[in-house]
Engineer: 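Pasting a structure here, questions to come.
Order of appearance sets the numbers: ligands from 1, and atoms from 1 within every ligand. What you see below is based on every heavy atom in this structure, not just the backbone, and it leaves out hydrogens, waters and symmetry mates. Computed from a predicted model, the values in this text were never measured in an experiment.
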Amino acid sequence: MKILCVCGARPNFMKIAPIAEAFSNSGIQYLIVHTGQHYSPEMSRDFFEQLEIPKPDVNLEVGSGSHAQQTAEIMKRFEPVVIEKSPDAVLVVGDVNSTIACGLTAVKLGIRLIHVEAGLRSCDKAMPEEINRILTDSISDMLFVSEPSGIENLRREGRPEESLFLAGNVMIDTLRRRLSIAEESDILNRLGLRERQFITLTLHRPENVDSKRQLLKVLDLIERAAKISTIVFPIHPRAGKAFKKAGLEGKLSEISNVIITPPLGYIDFLKLLTSSACVLTDSGGVQEETTALEIPCITLRKNTERPITISEGTNILTGLNPERVGGELQRLSGNNFKAAGKCPKLWDGKAAERIAEQVRKTLA
Ligand code: UD1
Ligand code: UDP
């Protein structure tokens, strides 16, 4: 049995790492294909090193582009790889352009498709990821789901019962494996921070960073938050470029009590998360990680495809609304940033093992 495992963008690497390990442990032969969607060392190479992911067997080196260009270019470059390697299945994770591009290429060649992190729905088709999720799930043969809402969504969309598996959360497998190493990170010293005396911020969704109007709200929100606690903002390349393009870079750096860093490696970022009083984010993965860590999380979006982070976890949705964020931060700070939440079932560090076992049974 041979499986091509695809990854391409930052959040894919945390998901592929435990799958690669579990496949090795259960004797499943696999190759890693990196599409090159993310390519800056701090968005790609560093994760392979820190998460001990085997070096990619193939790198499609596709780089950045419009949605159509990037998706089409990945498909063109992935097709000959699938033909040459002739795998029994292609495995894709998450919801990025690499996910749908490689998924579609595989099924067009008659190769079985496995989707890990299937079934999540924000019900907001303005999000590029929502299109990628719906399309990938509609063509996948095996759908591994991280939370019960995903199973309900896939049933509603008519996916066959025998293709659905509630496996748990592979991103949390990685978190659990790396927690003790992250404890050793010296990032707090490097940034002059003290435990629980700061708020971590991440932002990269197009709806939040791609217009000057939204960036002005981001600045307002940061100013309010920085009055409550120090803000640490590891800045995603998309957000960094957007601030520059809007001519707001100077304004951002002038706000006092804000530390801006390049994107951080996984280990340093995990230490930052575990030590934060609270997290402000629009990231999908960070909503899950804060739930697993029981750290309060304010999500700067109107919806989430990960509802369990609200119903069971520590997540609060505010949208990009500076007043609401300020209000929530005041409330949390009045309560010493204590979070009421529990870690969802099956976010236990063993999701990838369950996936490997099921893949072996199904494809054998
Ligand atoms: C992509 C995913 C998004 C995911 C995010 C995780 C899609 C449609 N979007 O968004 O779902 O949440 O990754 O981080 O797949 N850039 C660099 N270096 C890099 C990569 C990108 O400088 O290594 C810059 C480029 O200017 C690029 C921009 O960031 O144009 C956006 O990159 P892109 O991959 O198109 O989308 P993301 O916003 O990163
Ligand atoms: N992350 C990281 N360094 C950072 C910011 C995030 O290692 O500076 C990690 C984070 O812990 C999570 C993943 O990146 O595991 C989330 O990726 P991202 O927010 O880029 O994408 P999304 O999850 O929104 O698709």
Side-chain angles (χ1 to χ4, degrees), residues 7-18 34-47 50-51 61-71 73-74 92-102 117 120 122 126-133 135-136 146 169-175 178-179 182 185 187 200-210 232-242 244-245 260-274 276 279 281-290 292-293 295 297 299-301 304-306 309:
C7 54
R10 179 168 69 184
N12 295 165
F13 307 132
M14 301 79 193
K15 295 167 195 168
I16 279 294
H34 190 327
T35 64
Q37 177 173 346
H38 283 178
Y39 44 84
S40 304
E42 69 278 15
M43 296 297 286
S44 172
R45 185 199 63 203
D46 296 357
F47 295 94
Q50 295 190 3
L51 303 180
E61 294 181 346
V62 72
S64 302
S66 71
H67 284 278
Q69 279 166 352
Q70 192 173 55
T71 308
E73 201 54 47
I74 295 171
V92 295
V93 296
D95 55 15
V96 300
N97 285 347
S98 302
T99 311
I100 178 60
C102 293
E117 202 189 83
L120 298 180
S122 65
M127 270 186 102
E129 295 81 3
E130 184 71 355
I131 313 275
N132 294 341
R133 292 180 199 118
L135 296 182
T136 306
S146 55
N169 192 324
V170 285
M171 197 166 223
I172 305 304
D173 288 2
T174 290
L175 179 140
R178 302 290 148 182
L179 265 179
S185 157
I187 186 74
T200 299
L201 166 68
T202 82
L203 267 180
H204 69 277
R205 300 249 94 86
E207 81 256 22
N208 286 340
V209 304
D210 279 6
V232 184
F233 184 13
I235 198 157
H236 188 283
R238 183 181 202 106
K241 284 177 186 166
K244 231 182 245 166
K245 190 169 157 220
I260 295 166
T261 73
L264 294 175
Y266 185 80
I267 301 298
D268 285 342
F269 188 75
L270 183 53
K271 173 68 180 172
L272 214 56
L273 284 186
T274 60
S276 296
V279 175
T281 194
D282 62 9
S283 159
V286 174
Q287 291 174 64
E288 294 181 339
E289 290 166 339
T290 45
L293 294 167
I295 301 281
C297 178
T299 295
L300 310 170
R301 289 177 45 192
T304 180
E305 59 289 335
R306 293 157 159 93
T309 60

Engineer: Report the member of R306, E129, H236, R10 with the shortest heavy-atom distance to atom 5 (C) of ligand 2.
Structural biologist: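 Closest candidate by heavy-atom distance is R10.
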Engineer: Could you list which atoms of ligand 1 come closer than 4.0 Å to a heavy atom of M43?
Structural biologist: 23 (O)
Engineer: What residue and atom, counting heavy atoms only, is the protein's closest point to atom 15 (O) of ligand 2, and at what distance?
Structural biologist: E289 OE2, 2.6 Å
Engineer: Looking at side-chain heavy atoms only, is the closest gap between H236 and T202 below 4.5 Å?
Structural biologist: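 No, side chains not in contact.
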Engineer: Which option out of M127, E129, H38 puts a heavy atom nearest to atom 9 (N) of ligand 1?
Structural biologist: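 Looking at heavy atoms only, the winner is E129.
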Engineer: Once you measure the plane-to-plane angle for F47 and Y266, does it fall in the parallel (<30°), tilted (30-60°) or perpendicular (>60°) bin?
Structural biologist: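 Because their plane-to-plane angle is over 60°, the rings of F47 and Y266 count as perpendicular.
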Engineer: Pull out every atom of ligand 1 sitting under 4.0 Å from any heavy atom of S40, numbered as shown with elements.
Structural biologist: 17 (C), 18 (N), 19 (C), 22 (O), 23 (O)
Engineer: Please report which non-hydrogen protein atom sits nearest to atom 7 (O) of ligand 2, along with the residue it belongs to and the distance in Å to one decimal place.
Structural biologist: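 So the nearest neighbour among protein heavy atoms is F47 CE2, 3.3 Å.
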Engineer: Should the proximity of F269 to ligand 2, defined as any heavy atom under 4.0 Å, be assigned to the side chain, the backbone, both, or neither?
Structural biologist: side chain
Engineer: Going by side chain to side chain donor-acceptor pair (under 3.5 Å), name the residues that satisfy it together with E129, two or more places apart in sequence or in a different chain.
Structural biologist: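 Side chain to side chain donor-acceptor pair (under 3.5 Å) check on E129 returns R205.
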Engineer: Can a non-hydrogen atom of E42 be found less than 4.0 Å from any atom of ligand 1?
Structural biologist: no
Engineer: Look at atom 8 (O) of ligand 2 and say which protein heavy atom is nearest, naming residue and atom and giving the distance to 0.1 Å.
Structural biologist: L264 N, 2.9 Å
Engineer: Of all the non-hydrogen atoms in the protein, which one sits nearest to atom 4 (C) of ligand 1, and at what distance?
Structural biologist: H204 NE2, 3.8 Å
Engineer: With a cut-off of 4.0 Å, which atoms of ligand 1 are near a heavy atom of H67?
Structural biologist: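 That gives atoms 8 (C) of ligand 1.
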Engineer: Around atom 21 (O) of ligand 2, find the nearest protein heavy atom and jot down its residue, atom name and distance.
Structural biologist: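 The closest one turns out to be P11 CG, 3.4 Å.
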Engineer: Could you list which atoms of ligand 2 come closer than 4.0 Å to a heavy atom of G284?
Structural biologist: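 Contacts of ligand 2 toward G284, numbered from 1: 22 (P), 23 (O), 24 (O).
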Engineer: Under the side chain to side chain donor-acceptor pair (under 3.5 Å) rule, collect the residues that match up with Q37, sequence neighbours excluded.
Structural biologist: S98
Engineer: Within the 4.0 Å heavy-atom shell around K241, which atoms of ligand 1 are there?
Structural biologist: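 Counting from 1, the qualifying ligand atoms are 17 (C), 22 (O), 24 (C), 25 (C), 26 (O).
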Engineer: Measure the shortest side-chain to side-chain distance between T35 and C102 over non-hydrogen atoms and say whether it is less than 4.5 angstrom.
Structural biologist: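 Yes; the side chains approach each other to less than 4.5 Å.
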Engineer: Any side-chain heavy-atom pair from V209 and H204 closer than 4.5 angstrom?
Structural biologist: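 A side-chain contact is absent here, since even the closest heavy-atom pair is not under 4.5 Å.
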Engineer: Suppose we measure from atom 9 (C) of ligand 2 to each protein heavy atom; which comes out shortest, and what is that distance?
Structural biologist: M14 CE, 3.7 Å
Engineer: Considering heavy atoms of the protein only, find what lies nearest to atom 23 (O) of ligand 2 and give residue, atom and distance to 0.1 Å.
Structural biologist: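 Answer for atom 23 (O) of ligand 2: G285 N, 2.8 Å.
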Engineer: Can you report which non-hydrogen protein atom sits closest to atom 16 (C) of ligand 2, along with the distance?
Structural biologist: S283 OG, 3.7 Å
Engineer: Write out the residue and atom name of the closest protein heavy atom to atom 16 (N) of ligand 1, then the distance separating them to 0.1 Å.
Structural biologist: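 Of the protein heavy atoms, Y39 OH, 3.5 Å lies nearest.
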Engineer: Does ligand 1 have an atom under 4.0 Å from some heavy atom of S44?
Structural biologist: no
Engineer: Below 4.0 angstrom from a heavy atom of P263, which ligand 2 atoms are there? Numbered from 1 as shown, please.
Structural biologist: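 Those atoms are 8 (O).
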Engineer: Where does P234 meet ligand 2, judged by heavy-atom distances below 4.0 Å: at the side chain, the backbone, both, or neither?
Structural biologist: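 Contact part for P234 vs ligand 2: side chain (C-beta onward).
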Engineer: At what distance is the nearest protein heavy atom to atom 38 (O) of ligand 1, and which residue and atom is it?
Structural biologist: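 For atom 38 (O) of ligand 1, the nearest protein heavy atom comes out as R238 NH1, 2.9 Å.
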